[in-house]
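Remember, it's 1-based here, ligands and their atoms both numbered in the order they're listed. Values in this document were obtained by computation on a predicted structure and should not be read as measured data.
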Amino acid sequence: MKFYTQQDNWDIVENNVPVFFVQDAAQFPDLVHANKPEPHNEVPMAQTAHNNAWNNFYNEKSTSHMIMWIDEALKLSGQDPDFHRKAINSGAHPKWTLSVQVLPESRQHEFDFHILDATRVWPVEEVPLGDIGELVLNKVVDEYFPETEQVAFCTSYIVPGIGFGDDPLLIGRNFSYLDTQLSRLGTNWEELRINRSVCPVLNNTRDGQGRHTITKSKVNYYPNRFEVPKLAAGGDDLRRHGATNKPGENFIEMAKVVEEQGYVDYPETLPAPTFKTHTKGPKFAEYRNQVELFSNSLSGYEKEHVIEAFSFELDHCDEPIVYERMVLD
Ligand code: HEM
């Protein structure tokens, strides 16, 4: 989802199931490779019913929860891959309630899983869903290429009031989407019509392939000898001017923004001395609890459905090491 707000665009790049395959962005390229058609023959297209995918699911235990959720989509897309667009065109407008789960920092250690582990759900009984709106798909695009092919959803596109947690998946995603968009669409992809902000953008970046905007000004940096650029509402412009929240001169800028606009990033509590390392804490190593919970919560019919889906997939794997281990272990 792309929200064209008065303080720049906010992209929510999410899925319609609450869990994900892996816990760390570094695992993602291998997951994607294993899920693609096998490299020696490009078979099967657009399916995970093959040796490499299921070999990866077996070896990468963090995928256990997610593979329980993938089901019905195969059937629907197999019969008519365009069913969703056709449904919208025919007036059937699918809608969802958009909800968020919010946890005060003081409760972060209450759970037997790590709250930033994307392969887990936060139980709704303990962290209730707060409804914030309704999402309705009521229109398909007018032209495919400029609106769909060229749209770029980027996790690092946020607006004042929203920050990033330490989720090892999200931190990696913040680099990965931008990287992809730079190679897929080129520099200045933010200026393509579908990606453009509805508010003025003052990042002082003027060059590069694909630049659309013409700025009438002698200076392309800030602070400068002419004036302090008028800051749009929100602290966002400070980030655009390259400021960090390190103490020192940027702190003075930060203080100015707080004074003028009343917003500052949520301060992160860190015990001192603090070192960030690329490791996952012990809670990330437990994979079975929620898979069992999910499985036990299914009705008889739903369980049958999962068994059928697994059987279909594994039936297409022809290396015993893949299908035997998956069933027996
Ligand atoms: C919670 C986990 C994740 C979710 C919910 C998610 C969701 C999505 C969605 C919905 C898209 C399609 C966006 C579009 O239609 O343009 C997408 C694309 C993409 N995802 Fe993810 N993803 C996740 C994890 C990751 C990770 C871990 C990486 C990389 C380390 C990654 C890299 C990408 C890239 C590069 C694209 C293509 C972006 C583009 O070409 O514009 N994703 N993801």
Does only the side chain of Asn15 get under 4.0 Å from ligand 1, or the backbone, or both, or neither? Count heavy atoms.
both
Can you check whether Leu169's main-chain N or O pairs, donor with acceptor, with Asp167's side chain at less than 3.5 Å?
yes
Verify, without hydrogens or angle tests, whether Thr48 (side chain) and Asn35 (backbone) share a donor-acceptor contact under 3.5 angstrom.
no
Whether Ser183 side chain and Thr180 backbone form a donor-acceptor pair below 3.5 Å:
yes
Does only the side chain of Ala118 get under 4.0 Å from ligand 1, or the backbone, or both, or neither? Count heavy atoms.
neither
Does a side-chain N-to-carboxylate-O contact under 4.0 Å join Lys86 and Asp80?
yes
Considering only heavy atoms of Leu169, which atoms of ligand 1 have at least one such atom less than 4.0 Å away?
1 (C), 2 (C), 27 (C)
Among all protein heavy atoms, pick the one closest to atom 35 (C) of ligand 1 and tell me residue, atom and distance.
Thr180 OG1, 3.0 Å
Taking the six-membered ring for Trp, are Phe57 and Trp54 parallel (under 30°), tilted (30 to 60°) or perpendicular (over 60°)?
perpendicular
Specify the protein heavy atom at minimum distance from atom 40 (O) of ligand 1: its residue, its atom name, and the distance to 0.1 Å.
Arg184 NE, 2.8 Å
Give a yes or no on whether atom 12 (C) of ligand 1 lies under 4.0 Å from any heavy atom of the protein.
no
Minimum-distance protein heavy atom relative to atom 16 (O) of ligand 1:
Phe153 CD1, 3.3 Å
Nearest-0.5 Å distance, CD1 of residue Ile67 to CZ of residue Phe21
8.5 Å
Tell me whether the rings of His305 and Tyr301 are parallel (<30°), tilted (30 to 60°) or perpendicular (>60°).
perpendicular
Which protein N, O or S atoms lie under 2.8 Å from atom 21 (Fe) of ligand 1?
Tyr177 OH
Can you tell me which residue and heavy atom of the protein come closest to atom 10 (C) of ligand 1, and the distance to 0.1 Å?
Glu14 O, 3.3 Å
Using a cut-off of 6.0 Å, state whether more than 12 heavy atoms not belonging to Phe3 lie near its atom CZ.
yes
For ligand 1, indicate whether the residue Gln181 contacts it via side chain, backbone, both or neither (heavy-atom separation under 4.0 Å).
side chain
Closest non-hydrogen atom pair, Gly163 against Ile158
CA-CD1, 4.1 Å
So, the side chain of Asn52 versus the backbone of Glu38: is there a donor-acceptor pair under 3.5 Å, distance only?
no
